[in-house]
Amino acid sequence: MSEEPTTGRAVELRHLRAFLAVADELNITRAAARLRLTQPAVSRTLAALERHLGVRLVDRSTHHLALTPDGVAFRDKAATAVAAFDEALDPGRLRTWPLRLGHAWSAFGPYTTPLLRTWQERFPGTPLELLRTAGLTRGEVDAALLRGPVDAPGLVTEVLFAEVRVAAVTADGPLAARTSLEPADLADGPVVLNTVSGTTTVDLWPPHARPAATLTVGNTDDWLTAIAAGRGSGVSTASTADLHPHAGVAYVPLVDAPAVPVLLARRDGPGHPALPELAALAREIVARHSAHQAPARGGRTGPGDGATWPRGR
């Protein structure tokens, strides 16, 4: 098969893979090495895709390649299509269609185990896979549990409950002995911010009372390590205290801080046929456990109202 598509030829999967490689690498040479093709072949394939779509996906006017606005918008669509194709041809999944539920951290909080166990009991033919990734728009998962406001285009979200916040402080430090803390109590020293998957920013504090200093990290493990080492304090949600205990970190209820909504999100469009059942079960689990269990550590949580998901398969 020729590497260069003929004029008018339909777009093939290789066109999407070539575009995604270029979008990831922002370099034709590295993209070609990744695809094991020649540089001219990748350039021609990308150009053919752009001709078919009638838009420019990559800006080649500078020394460094960059995606155009159309390229940014098309990237998620291309990634979703490629992921769906690879999923369909996975030999290990031909007889089942797993429902992939992503999360960045802390999953479904105190409701994680009840959700997984009840799903297994009711829908044994549809495995529910809980994955540590938030790649919903890239097609890596079918739905995702997210925290905080979400404004990504093309997503439908439903608020399931709200989590109160806790302060995470060094276990042998003076703040660990307190029964509760306020954001102002943390502002005198450095505050550790997880800028990738965390929900706390300096906007939690009023402009005139922002933390004296901040330390940014990229994941929950580094966040905990920095706090345990005495490099600063942190703020998270109540489920973090339950699901991420650390010998060097003490969690203290944080008062006068807004709760964090926990959302179930899916792409706006056709998706896994079991998504309505997942949303319904998540709502049921929250309502059941909120009514019969003691409040979660650090404060109460409860079901929330949100978008109506389609029902039925």
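Remember, it's a predicted structure, so these values are computed and weren't measured experimentally. Excluded from the calculations below are hydrogen atoms, water molecules and symmetry mates; all remaining heavy atoms, backbone and side chain alike, are included.
To the nearest 0.5 Å, atom CG of residue Leu16 and atom OG1 of residue Thr45 are 11.0 Å apart. With rounding to the nearest 0.5 angstrom, the CG atom of Leu146 is 11.5 Å from the OG1 atom of Thr199. From Leu145, atom CG reaches atom CG of Leu160 across 7.0 Å, with rounding to the nearest 0.5 Å.
Applying the side chain to side chain contact (heavy atoms under 4.5 Å, CB included) rule to Asp222 yields the partners Val217, Asn219; only residues at least two apart in sequence or on another chain are considered. Partners of Asp256 under the salt bridge (Lys or Arg N to Asp or Glu O under 4.0 Å) rule, at least two apart in sequence or in another chain, do not exist in this structure.
Between Arg231 and Pro190, the closest side-chain pair of non-hydrogen atoms is not below 4.5 Å. Side-chain contact check for Asp203 versus Arg210: some heavy-atom pair is nearer than 4.5 Å. A heavy-atom distance below 4.5 Å is not found between the side chains of Gln39 and Val42. Within the 4.5 Å cutoff, the side chain of Asp24 has heavy atoms near those of the Arg34 side chain. The side-chain heavy atoms of Leu49 and Phe74, taken from C-beta on, include a pair separated by under 4.5 Å. For the pair Val156/Arg267, no side-chain contact is recorded, criterion being any heavy-atom separation below 4.5 Å from C-beta on. The closest side-chain heavy-atom distance from Thr240 to Tyr251 is below 4.5 Å. Between His289 and Pro110, the closest side-chain pair of non-hydrogen atoms is not below 4.5 Å.
Trp119 places a side-chain N or O within donor-acceptor distance of the main-chain N or O of Thr126, the cut-off being under 3.5 Å. Looking only at distances, no side-chain donor or acceptor of Asp70 sits under 3.5 Å from a matching main-chain atom of Leu57. Side chain of Thr112 to main chain of Gly109: a donor-acceptor pair is present (N/O by atom type, distance under 3.5 Å, no hydrogens or angles). Without hydrogens or angle criteria, Thr200 side chain to Val235 main chain gives a donor-acceptor distance under 3.5 Å. A side-chain donor-acceptor contact under 3.5 Å links Glu50 to the backbone of Val58. Of the possible polar contacts, one joining the Trp205 side chain to the Pro183 backbone as a donor-acceptor pair under 3.5 Å is found. Under a 3.5 Å cut-off, the side chain of Arg165 and the backbone N or O of Pro258 do form a donor-acceptor pair. With hydrogens and angles ignored, the 3.5 Å screen pairs no side-chain donor or acceptor of Glu129 with any backbone N or O of Pro98. In this structure, the side chain of Thr68 engages the main chain of Gly71 through a donor-acceptor pair within 3.5 Å. The backbone N or O of Gly102 lies less than 3.5 Å from no partner atom in the side chain of Arg132, so there is not a single donor-acceptor pair.
Using the six-membered ring where Trp is involved, Tyr111 and Phe161 have ring planes that are perpendicular, over 60° apart on the 30 and 60° scheme.
Using a 4.0 Å cut-off between a side-chain N of Lys or Arg and a carboxylate O of Asp or Glu, Glu158 and Arg283 qualify as a salt bridge.
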For the pair Asp142 and Arg266, evaluate side chain to side chain contact (heavy atoms under 4.5 Å, CB included) and give the outcome as yes or no after the intermediate values.
CA-CA 6 Å; Asp142 303 296; Arg266 64 171 175 85; over 6 Å; no
Would you sort out whether Arg147 and Ser239 count as a side chain to side chain donor-acceptor pair (under 3.5 Å), showing the intermediate values?
CA-CA 11 Å; Arg147 284 171 170 77; Ser239 62; 3.3 Å; yes
Show me the donor-acceptor pairs, under 3.5 Å and distance only, between side chains in residues 170-182 and residues at least two apart or in other chains.
unit_1, atom_1, unit_2, atom_2, d
Thr170, OG1, Ile227, O, 2.8
Arg178, NH2, Asp185, OD2, 3.2

